[in-house]
Chemist: 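Have a look at the structure that comes next, please.
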Amino acid sequence: MIDATELSRLKWRSRRGMLENDLVMERFFEQHTADLTPQRVEGLQVLLDLPDTDLWDLVAGRLQLGAGAMPATLEMLGWMRDCQLAHPR
Amino acid sequence: MSLNVRKFDAVIVGAGGAGMRASLQLAQAGLKVAVLSKVFPTRSHTVAAQGGVGASLGNMGPDSWIWHMYDTVKGSDWLGDQDAIEFLVREAPKLVYELEHYGMPFDRNEDGTIYQRPFGGHSANFGEKPVQRSCCAADRTGHAMLHTLYQQNVKANTQFFVEWMALDLIRDSEGAVVGVTALEMETGETMILHAKATLFATGGAGRIYASSTNAFINTGDGLGIAARAGIPLEDMEFWQFHPTGVAGAGVLITEGVRGEGGYLLNGQGERFMERYAPTLKDLASRDIVARAMATEIRDGRGAGPNKDHVLLKLDHLGLETIEKRLPGIREIARQFANVDPIKDPIPVVPTCHYQMGGIPTNYKGEVVVPKDGNPNTVVEGFYAAGECACASVHGANRLGTNSLTDLLVFGKASADSVVKYIGTSRTHRDLPKDAGDYTMARLARMDNQKDGAPQHETRLEMQNIMQNHCGVFRFPEMLSEGVTKIKEVAEKVAKVEIKDKSKVFNTARVEALELENLIEVARATMISAAARKESRGAHDRADCHDTPEFPNGRNDKEWHKHTLWFRDGDRLEYKPVNMTPLSAESIPLKTRSY
Ligand SMILES: Cc1cc2nc3c(=O)[nH]c(=O)nc-3n(C[C@H](O)[C@H](O)[C@H](O)COP(=O)(O)OP(=O)(O)OC[C@H]3O[C@@H](n4cnc5c(N)ncnc54)[C@H](O)[C@@H]3O)c2cc1C
């Protein structure tokens, strides 16, 4: 778990310009907040710093992370991709 | 008054396309400018625009601003102001070329000129044949535009205040705007930004609806702030809906799906479009499809446990067609509807997309209000541009690709007005003694509220009322019920309670403040819509049909006028539509048909 202020900041930075990413991140926090560690946050930050268009392409599988990506970044992208499917309507 | 004060020549609220085009102009003029944004500038909603920016460059065949003007007036169902529309279409090419010059990566023709795409409603020779007028950068036009403008602003040394939220307008005893109060999220401090000119570019308020294509950030802050400061909101009954957004999520499903042979089913498995449009069926125009969907749902023939959506079937197209011709659709359906469209239909509903109304301005981006018999008296020191403003170029419905044009043209024009107003010698007007009191009282109320309504549930309630009572197709009894209901929710919003009282990065507080803005827009929309007893453009009423006397349900004799909603007492006033262009001939009223 990370501290409450840090979590708030992270959630606000997950407010995106594209609805697709907003929805992905909303579900991400619903499902994974308790599992976040400082290392994972660092990995997540890399993704959140990307332009919205690239982030969505990554999540939708149209774009892949480069070979040098941090393991934590890869893990967080995996979570983003998966948590959508698990969310029933 | 104990709040810290910072002084600038101009304050711009909003760093999307409109805000950054304006700030560039001001920074280049050498003014001291603060640009506030809730999020990092390039994360503004402009980034989502894909279709392109409309300008009559004529790169693909003959085009002219007069034709662009005609298409815009017709699109607006004659509710757009023709002086502003002429200004828009004449300035458009200049602003597109300027972006090109700034390095925006437009798609190119072989001869090196900007490639232009076809788009619905764009025509040559006054509706005679389609013309290619949309300039784009692949499917990332908005993204490319924001990045280009951001880089130019960095070069021009624009000062950005990122993660700052404007809260209220400050007006002096004469009504002039002298700045804003704002919350710095990182510290939780509230401050006064004292300015000679204040420019709003806060974007749309699409989140008033349960189903919206808009990002979460589009909470209509500028509109709520203006309304609380006594500025009316114009033409708020007009919202553009897209027929197929994923139910419960809002993400757009392109019309291409129906173009490729996908079709709609109601909850009983019936292909209902055959009843509404026997020839064109699912390929009928956007309005007709959306209206049919709304009627099916209202009459209890929706699908799902709550019968609140219809189904878009495309499995019969086969995997290959879906993957090849409709890229991205499968991911969207899987991710946001939890269905795989090669097997199961996608649940869809008509979805709110764009706000035509807003803060009333003239074509110079100056905010105007009725005063002493003049419906368009300039409010000193106050300017607005982009989706939050109503110039009005979109009237009752927006022509596709005209909003990016709008934010460029009026972003620049409003900034030019600021430069002219400030000149070389204008000094700051004094801040009123109680400048920060209103804001501090609002914040204190929120912190001290006991037994109030929770933010999230209240917001959902508002969104559902708007969706059900004031959606794409409007039923008179639903509208009048909606007025009562939205006023009830407004009372709850006034008592919203937040549990988290912390100072630093308190997003619960920010969301409650956003809700206070959303509710003003929702009220304005519902009340303006219930009052307008005609169908025009995107305002489509079940009790105002197509008759020989009123083609398409439009009643020019009584309703060819702009609505102005005042927060105080939910009062409505009306003002005439400007039918006199700046230089062109007026485009006279005509029935709108495509
Ligand atoms: C999916 C989608 C696709 C679209 N495609 C097209 C298209 O192809 N062509 C076209 O012409 N139009 C399109 N549109 C419409 C167009 O994108 C928008 O109308 C336009 O981008 C709005 O720009 P803006 O600068 O007015 O506001 P935004 O880009 O929304 O920017 C608003 C800014 O205001 C800031 N802000 C808001 N409130 C506050 C506050 N209280 N304090 C501080 N800052 C604040 C935000 O942080 C942000 O920086 C599309 C819209 C959608 C939803």
Side-chain angles (χ1 to χ4, degrees), chain A residues 1-33 36 41 44-64 76-89, chain B residues 16 38-50 138-140 142-144 146-147 163 185-186 203 206-207 212-218 245-252 304-305 309 327-328 330-332 334-340 347 351 500 502-508 510-511:
Chain A
M1 244 332 235
I2 51 172
D3 90 74
T5 307
E6 179 61 24
L7 182 64
S8 285
R9 187 181 286 111
L10 211 51
K11 281 189 175 175
W12 186 255
R13 300 213 167 132
S14 303
R15 281 273 198 119
R16 311 298 300 191
M18 279 170 72
L19 176 63
E20 287 85 343
N21 293 332
D22 276 341
L23 293 166
V24 168
M25 292 314 296
E26 187 179 50
R27 292 169 195 186
F28 179 93
F29 286 111
E30 269 169 30
Q31 294 176 29
H32 294 298
T33 298
L36 287 173
V41 168
L44 184 61
Q45 200 60 57
V46 173
L47 295 168
L48 294 180
D49 285 344
L50 291 171
D52 273 290
T53 40
D54 288 346
L55 179 59
W56 171 237
D57 280 352
L58 279 171
V59 173
R62 277 194 299 272
L63 191 69
Q64 305 303 326
M76 292 303 96
L77 179 60
W79 286 8
M80 282 183 200
R81 287 179 173 164
D82 289 344
C83 65
Q84 303 159 41
L85 294 176
H87 195 275
R89 237 190 72 71
Chain B
K38 289 196 289 189
V39 295
F40 194 76
T42 51
R43 237 165 265 156
S44 301
H45 189 52
T46 297
V47 80
Q50 299 188 334
D139 60 354
R140 295 184 164 203
H143 165 83
L146 270 187
H147 274 262
E163 291 169 349
M185 295 173 62
E186 184 67 54
R207 301 305 302 180
S212 172
T213 65
N214 286 197
F216 292 177
I217 195 168
N218 282 18
V246 174
V251 178
L252 272 189
H309 58 262
R330 207 172 159 205
E331 280 110 57
I332 286 177
R334 288 205 292 212
Q335 283 159 347
F336 302 117
N338 214 20
V339 302
D340 188 345
T351 296
D500 178 0
S502 65
K503 231 169 128 72
V504 174
F505 241 100
N506 183 338
T507 47
V510 168
E511 285 175 3

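Small disclaimer: the values here were computed from a predicted structure and weren't measured. Lettering follows sequence order; numbering is per chain, from 1.
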Chemist: Out of curiosity, B:Asn506 CG to A:Trp12 CH2, how far, rounded to the nearest 0.5 Å?
Modeler: 11.0 Å
Chemist: How many angstroms lie between CG in B:Asp500 and OG1 in A:Thr5, if you round to the nearest 0.5 Å?
Modeler: 8.5 Å
Chemist: Return the minimal non-hydrogen interatomic distance between A:Gly17 and B:Ala215, and the atom names on each side.
Modeler: O-CB, 3.6 Å
Chemist: With the side chain counted from C-beta on, respond yes when A:Arg9 and B:Met185 share a heavy-atom pair under 4.5 Å apart, and no when they do not.
Modeler: no
Chemist: Measuring from atom CG of A:Leu48 to atom CZ of B:Arg43, what distance do you get when rounded to the nearest 0.5 angstrom?
Modeler: 7.0 Å
Chemist: Working to the nearest 0.5 angstrom, can you tell me the gap between B:Glu163 CD and A:Arg15 CZ?
Modeler: 11.0 Å
Chemist: B:His143 versus chain A, heavy atoms under 4.5 Å apart: side chain, backbone, both or neither?
Modeler: side chain
Chemist: With side-chain contact (heavy atoms from CB on, under 4.5 Å) as the criterion, how do A:Val24 and B:Phe336 come out once you've worked through the C-alpha distance, each side chain's angles and the decisive distance to 0.1 Å?
Modeler: CA-CA 9 Å; A:Val24 168; B:Phe336 302 117; 4.1 Å; yes
Chemist: Report the distance from atom CZ of B:Phe40 to atom CG of A:Asp49, rounding to the nearest 0.5 Å.
Modeler: 9.0 Å
Chemist: What part of A:Asp57 lies closer than 4.5 angstrom to a heavy atom of chain B: side chain, backbone, both or neither?
Modeler: side chain
Chemist: Heavy-atom distances under 4.5 Å only: say whether A:Leu7 touches chain B with side chain, backbone, both or neither.
Modeler: neither
Chemist: Under a 4.5 Å heavy-atom cut-off, does chain A meet the side chain of B:Arg140, its backbone, both or neither?
Modeler: side chain
Chemist: Between chain A and each of B:Leu252, B:Ile217, B:Asn218, count heavy-atom pairs under 4.5 Å; write down the option with the most.
Modeler: B:Ile217
Chemist: In terms of heavy-atom pairs under 4.5 Å with chain B, which of A:Met18, A:Arg62, A:Lys11, A:Arg13 leads?
Modeler: A:Arg13
Chemist: How long is the gap from CE on A:Met80 to CD on B:Gln335, to the nearest 0.5 Å?
Modeler: 12.0 Å
Chemist: So which part of B:Thr213 gets closer than 4.5 Å to some heavy atom of chain A, the side chain, the backbone, both or neither?
Modeler: backbone
Chemist: Taking all non-hydrogen atoms of both residues into account, name the closest pair between B:Asn214 and A:Leu19 and its distance.
Modeler: O-CD1, 3.5 Å
Chemist: Give, as side chain, backbone, both or neither, the part of B:Val339 having an atom under 4.5 angstrom from any heavy atom of chain A.
Modeler: neither
Chemist: Taking only Lys NZ, Arg NE, NH1 and NH2, and the carboxylate oxygens of Asp or Glu, determine whether B:Arg207 and A:Asp22 approach each other closer than 4.0 Å.
Modeler: no
Chemist: Can you tell which part of B:Ser502 gets under 4.5 Å to a heavy atom of chain A, answering side chain, backbone, both or neither?
Modeler: neither
Chemist: Please state whether the side chain, the backbone, both or neither of A:Glu6 comes within less than 4.5 Å of a heavy atom of chain B.
Modeler: neither
